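Structure record follows, encoded as structure tokens.
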There are 2 protein chains.
Amino acid sequence: MTLSAQEPQKSEDAGPFDRFLCFAAYSTSLAFNRLYKSVLDDLGLTYPQYLVIVALLHRDRQAVSELGDALFLESNTLTPLIKRLEAAGLVTRQRDSADERVVRVSLTAQGRGLADRIACVPTDILKATGMSIEELGALQQGLMKLGDNLRASQRD
Amino acid sequence: MTLSAQEPQKSEDAGPFDRFLCFAAYSTSLAFNRLYKSVLDDLGLTYPQYLVIVALLHRDRQAVSELGDALFLESNTLTPLIKRLEAAGLVTRQRDSADERVVRVSLTAQGRGLADRIACVPTDILKATGMSIEELGALQQGLMKLGDNLRASQRD
DNA sequence: CACGATTAAATCGTGTACGATTTATCTAGG
DNA sequence: CCTAGATAAATCGTACACGATTTAATCGTG
């Protein structure tokens, strides 16, 4: 490997990780995260916070565990994240009266107001990928299948 | 979407994120991370620490910035990570005498001793993917290209 | 030689992630 | 009805990840 500190590497010279799909997933996820950060900064959201808002726009009053199933996260990550959304005035949290163990998360008017500004986010990201819809679709299919398999193998 | 809290969702019913490649990358990266955690726990390494060790096994005495180019990370992330590796006795850090700004990271004998145990890690992971080499290769190609594009769009 | 600009690490603050544990609530079997 | 187990959130400690800043060393140009 002949990495130069000045010129960031390209795939053609990707160092000792060429063989590792895992590294590809890892570094692409980092790149997405950084890109989202620049797009979402205007909204004052992080990427996981954005995902929670999108989930609630799709269906409101979800339990923490339901959000966790959708995002593949658990309460140890979600609870503080949701509390920050609450502090920002975007959601409210309240115990379910039918089952006091459950905390349901609802969008405030202000939170629902993000819908329009959120709508254009995927388009912005799409441009940055520089790839065709077909390529992206194939990648997504493969990744979802891979993710499912990894999570399944984790469980046993 | 009809998510049940009891049964984790599959791709066929992936909630409101079906359309989002970014979410696929994000959640697959999380799944990889969790899987690696269970494999690497025996070695006492995290996944990013493992990547640093692999990079140093490939070429020793790399500068922090060179490791950063290989891993797409910067000193704010790498410095504390490398200090933890140093505290674990796996690497040493020393200023480059030719350029005192540069810190070079070297494997200790103990660090190099991980090579054998690290060698079998990719095989373990491969099994968990449940996918063919061809599929994985295609995914990796696509992801590296995507990652390159995202990083390029980030720079301007 | 000087000195402003650049570069390499380090530092700091915030926000995920996650294993492990804790607390509160609910449910079933006796 | 009452308690053992299960379940949902929350809490705690550790480790990334990153924007912004700081410190120290080097370089470039006059």
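On a predicted model such as this, the values are computed, not experimentally measured, just so you know.
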Between A:Y26 and B:S97, which has a closest nucleotide on DNA chain D that is more 5'?
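Mapping each residue to its closest nucleotide by heavy atoms, the 5'-most match is A:Y26.
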Residue whose nearest DNA chain D nucleotide is more 5′ - A:R95 or B:A98
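The residue mapped nearer the 5' terminus is A:R95.
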What pair of heavy atoms forms the shortest contact from A:R117 to A:D42, and how long is it?
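Closest approach of A:R117 to A:D42: NH2-O, 3.4 Å.
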Classify A:R104 by what it touches in the nucleic acid, base, sugar-phosphate, or nothing, heavy-atom distance under 4.0 Å.
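No contact at all - A:R104 keeps every heavy atom at 4.0 Å or more from the nucleic acid.
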Touch check for B:D99, heavy atoms < 4.0 angstrom, all strands: base, sugar-phosphate only, or nothing?
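Sugar-phosphate only.
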How many Å lie between CZ on B:R93 and C1' on C:dA9, as a whole number?
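After rounding, the reported distance stands at 9 Å.
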d(CG, A:L35; P, D:dG19) in whole Å:
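In whole Å, D:dG19 P and A:L35 CG are 11 Å from each other.
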Taking atom OH of B:Y26 and atom CZ of B:F20, what is their separation to the nearest 0.5 Å?
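B:Y26 OH to B:F20 CZ: 14.0 Å, rounded to 0.5 Å.
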Selected nucleotide, minimal atom distance to B:V64 side chain, candidates C:dA17, C:dA10, D:dA10:
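Of C:dA17, C:dA10, D:dA10, C:dA10 is nearest to the side chain of B:V64.
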Can you tell which of C:dT7, D:dA8, D:dA15 lies closest to the side chain of B:Q49?
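That would be D:dA15.
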Looking at B:R93 and B:E86, is there a salt bridge between them, counting it only when a charged N and a carboxylate O are closer than 4.0 Å?
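Answer for the salt bridge query: yes.
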Going by an N to O cut-off under 4.0 Å, is there a salt bridge joining A:K145 and A:D148?
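So A:K145 does not pair with A:D148 through a salt bridge.
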Short of 4.0 Å, heavy atom to strand atom, which residues of residues 73-84 of chain A count as contacting DNA chain D?
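Here the set is A:S75, A:N76, A:T79, A:K83.
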